A.B. asks: 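Right, I'll just put the structure down here and ask away after.
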Amino acid sequence: MYRIVTKKILNPSVTQMEIEAPLVARKARAGQFIILRVDDEGERIPLTVAGCDAARGTVKIIFQIVGATTALLGAKNAGEYISDFVGPLGRATETEGVKKVCVVGGGVGCAIAMPAAQEFKRIGAEVTSIIGFRSKDLVILTDEFEACSDRMILMTDDGSAGRHGNVTVPLKELLKSGERFDRILAIGPLVMMKFVAEAARPFDVPVVVSMNPIMIDGTGMCGGCRLSLVRDGKRVTKFACVDGPEFDGYEVDFDEAMTRGRMYAGFERHAYEETCRLLGRA
Amino acid sequence: MAIQQKKHEMPTQAPSVRAHNFDEVALGYTEEIAVEEAQRCLNCKNRPCVEGCPVKIDIPDFIAKIKERDFEGAYGVISKSSSLPAVCGRVCPQETQCESKCTLGIRFEPVGIGRLERFVADRHNERAEAAPERPAPNGHRVAIVGSGPSGLTCAGDLARAGYEVTVYEALHTAGGVLVYGIPEFRLPKRIVAKEVEGLKALGVKVETNVVIGRTLTIDELFEMGFEAVFIGSGAGLPNFMGIPGESLVGVYSANEFLTRSNLMKAYRESPTTPIMKGGRVAVVGGGNVAMDAARTALRLGAEKVYIVYRRSIEELPARREEVEHAEEEGIDFRLLNNPVEILGYTNPGDPRDPKNGSVTGMRCIRMELGEPDASGRRRPVEIPGSEFVLDVDTVVMAIGTSPNPLIKDTTEGLEVNRRGGIIVNEDGLTSRDCVYAGGDAVTGAATVISAMGAGKTAARAIDAYLSGK
């Protein structure tokens with residue numbers, strides 16, 4: 001059993017928790033993920049690590065309540081326990097040799113982008129952060145991004161906070177104005193990552209994206225997290241849990257990943273509604 | 001009295017009933033049947049059956065005890081050599097091991113050794129009450145990576161010799177493939193749980209949710225004070241065929257399909273983990289895993305289940321009993337067929353159509369057998385122009401696995417072969433001092449009993465090494 005040490009509501013649908021898991025806390029680095037089960041009957045869900053404190057033995061997770069399991073998790077309070085928490089899984093964000101980076105985060109993906117931006121800052125890179133949300137109510141982590149960025153650009157789809165528009169608008173402006181990034185790291189909805197890669201392609205800046213596919217074990221056994229890369233015209237199958245979760249944004253077949261991500265949409269909606277009913281908030 | 005020519009039949013659930021439930025198919029011998037079956041053993045001098053057993057169970061001895069109705073005595077004989085008799089009695093391919101060597105089998109059916117082993121183990125487990133005596137600790141600590149058949153066997157043998165053993169398991173439940181891979185109807189999970197409890201009673205510690213290669217490395221285990229490590233991390237990433245359409249919605253690896261059903265209990269009434277239920281299913285492959293996936297699909301409510309295999313019935317690598325059970329249950333065997341493409345749905349008018357990207361069929365080609373290949377089996381060759389489409393909406397690929405790279409990538413000096421299997425010597429010792437390995441992590445996908453055999457060999461070598469220190 002793993003204790004929930006702190007809980008903080010970041011916005012109406014996004015919650016931050018620190019979980020006591022000393023072995024994971026000692027090892028986890030930006031870009032890696034964990035898998036948890038809320039209770040003994042629960043499903044296994046992957047969540048990217050949003051930070052950790054080795055001294056306190058805690059791992060920070062930030063999650064959006066989108067389905068049954070995240071709803072159950074969100075209903076837990078500090079001091080309560082979850083039954084399983086395993087990690088760190090996947091490969092850490094590669095930062096070596098990067099001097100000037102643009103970190104692009106979309107929605108709850110900003111929670112994953114944030115530790116990567118912090119890591120780039122720590123190694124002395126110049127960090128530009130572009131973070132985008134649907135509207136003002138959903139904005140999270142601006143203070144954290146301010147602290148680790150040389151320049152931070154906040155975008156909202158409806159213009160209710162920061163600039164009006166999506167994250168590719170300022171990215172294209174910067175690239176057109178001659179900004180030369182060694183790397184763009186994009187983390188957010190698949191469609192956002194796809195368009196970030198499209199925006200960057202004419203400028204030939206390396207784009208790294210973080211994939212978060214459906215997964216069960218997370219250790220390289222089930223193969224459910226497979227995705228296709230198109231490399232030199234050939235399709236290559238990769239497994240997000242052991243080969244990723246970060247991949248070359250120019251190679252990922254985003255359309256296929258979107259289709260696979262919707263595989264259980266009907267089931268998930270039903271399970272979510274059932275859970276909300278049980279939790280008494282329907 | 002003339003000897004009965006055939007094995008005593010195993011009582012089973014009727015095919016029409018069991019095709020719709022996840023309860024165990026084979027019900028087990030009664031005492032009477034077991035004693036009668038035991039009497040078929042000729043107790044021959046040269047005991048060829050023992051040679052056929054990867055862990056060298058003293059088979060004629062335990063059968064003799066059954067004849068005398070000394071069932072606990074029989075259990076004592078088996079457990080000298082095997083730590084998981086209730087498991088092996090159910091999942092060993094006896095027809096290619098002990099029973100294939102049986103002298104009686106030259107003229108008649110061999111003695112039902114597997115069925116007798118299962119009877120003895122079940123009878124013991126039903127009655128056993130007292131916890132086993134904990135051996136005196138010898139002060140040495142050993143870490144085991146993975147709680148599948150090789151790891152549990154190695155742990156059990158070392159614990160009985162007085163070692164302080166910790167087993168690290170990546171998943172949330174101990175048992176490895178016995179839990180996530182082999183379905184309930186073939187190996188009830190309570191039997192695996194009982195074996196694990198037995199090891200805990202011997203003092204073995206089981207730490208779940210620890211991924212060696214990620215949470216801890218092999219080198220860190222030594223820093224923590226372990227003096228030897230056994231790697232039994234099992235088979236790894238599932239293989240796919242490399243044909244178009246394998247990423248469509250509705251295509252599973254057998255590992256994923258079985259894990260969803262077995263470990264995550266997706267077969268239950270309202271599961272938290274989803275799985276495709278119903279429909280028309282093609283399982284590609286001919287091994288035990290393929291049979292398990294096909295029969296699981298049937299029990300999940302599929303209206304039609306095919307096994308698609310590129311060779312003929314003679315080459316099917318699955319255990320014979322599983323093939324027979326699958327046939328009885330109505331699985332449709334499409335032999336000498338090979339998939340060439342999985343077809344998917346696209347609605348050109350509506351990119352948001354939820355059916356987009358889902359499987360609508362599988363294009364296959366008919367095969368014939370040519371000259372024998374390196375494996376000694378006749379090589380299947382495509383018959384030109386014989387392509388056809390199998391009408392299915394779910395495809396399960398059960399064509400083997402490739403070793404998991406996590407431990408290799410994080411353990412300096414650990415050598416692997418071309419296919420990624422860990423290289424070991426005859427004692428199970430790897431290229432690293434005090435690091436042993438066995439099971440599928442070494443051999444690639446193989447049987448439960450061969451993994452157990454490797455766990456035993458390594459336990460003996462670890463004991464010899466550490467007790468001499």
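Bear in mind the structure is a predicted one, so any value in this text is a computation, not a measurement. Letters A, B, ... are given to chains in the order of the sequence lines, protein chains preceding strands, and every chain is numbered from 1.
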A.B. asks: Between A:Arg260 (side chain only) and A:Leu227 (backbone N and O only), is there a donor and an acceptor less than 3.5 Å apart?
C.D. replies: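 Answer holds: no.
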A.B. asks: Let me know if A:Arg29 has heavy atoms under 4.5 Å from chain B in its side chain, its backbone, both or neither.
C.D. replies: neither
A.B. asks: Search all heavy atoms of B:Thr296 against all heavy atoms of B:Pro183 and return the closest pair with its distance.
C.D. replies: OG1-CG, 3.7 Å
A.B. asks: For the side chain of A:Asp217 and the backbone of A:Cys222, is there at least one donor-acceptor N/O pair under 3.5 Å apart?
C.D. replies: yes
A.B. asks: Would you confirm whether A:Arg226, through its side chain, and B:Glu246, through its main-chain N or O, come within 3.5 Å as a donor-acceptor pair?
C.D. replies: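 Answer holds: yes.
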A.B. asks: Taking A:Met263, A:Met221, A:Glu274, A:Glu256 one by one, which has the highest count of heavy-atom pairs under 4.5 Å against chain B?
C.D. replies: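 Answer, by heavy-atom pair count under 4.5 Å with chain B: A:Met221.
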A.B. asks: Any sub-3.5 Å donor-acceptor pair from A:Asp39's side-chain atoms to A:Glu41's backbone N or O?
C.D. replies: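 It does hold such a pair.
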A.B. asks: Measure distances from A:Tyr2 to the heavy atoms of chain B and classify the residue's part below 4.5 Å as side chain, backbone, both or neither.
C.D. replies: side chain
A.B. asks: Heavy-atom distance under 4.5 Å to chain B: side chain of A:Leu89, backbone, both or neither?
C.D. replies: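 Backbone plus side chain of A:Leu89, per the 4.5 Å heavy-atom cut-off to chain B.
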A.B. asks: Does any heavy atom of chain B fall under 4.5 Å from the side chain of A:Ile214, the backbone, both, or neither of them?
C.D. replies: side chain
A.B. asks: Among A:Ile4, A:Val24, A:Val5, find the residue that satisfies the side-chain contact (heavy atoms from CB on, under 4.5 Å) test when tested with A:Thr58.
C.D. replies: A:Val5
A.B. asks: I need the residue from A:Ala271, A:Ser228, A:Gly220, A:Gly87 with the largest number of non-hydrogen atom pairs under 4.5 Å to chain B.
C.D. replies: A:Gly220
A.B. asks: Which bit of A:Ser83 is near chain B, if near means a heavy-atom gap under 4.5 Å: side chain, backbone, both or neither?
C.D. replies: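 When you check distances to chain B, only backbone atoms of A:Ser83 fall under 4.5 Å.
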A.B. asks: Out of B:Thr173, B:Val210, B:Val251, B:Leu248, return the one with the most heavy atom pairs under 4.5 angstrom to chain A.
C.D. replies: B:Val251
A.B. asks: For the candidates A:Ala68, A:Gly90, A:Gly223, A:Ala257, which exhibits the highest count of non-hydrogen atom pairs separated by less than 4.5 Å from chain B?
C.D. replies: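 Highest number of heavy-atom pairs under 4.5 Å: A:Gly90.
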A.B. asks: Is B:Thr217 reaching over with its side chain to a backbone N or O of B:Thr410, donor-acceptor style, under 3.5 angstrom?
C.D. replies: no
A.B. asks: In terms of heavy-atom pairs under 4.5 Å, which option from A:Leu23, A:Ile216, A:Thr275 contacts chain B the most?
C.D. replies: A:Ile216
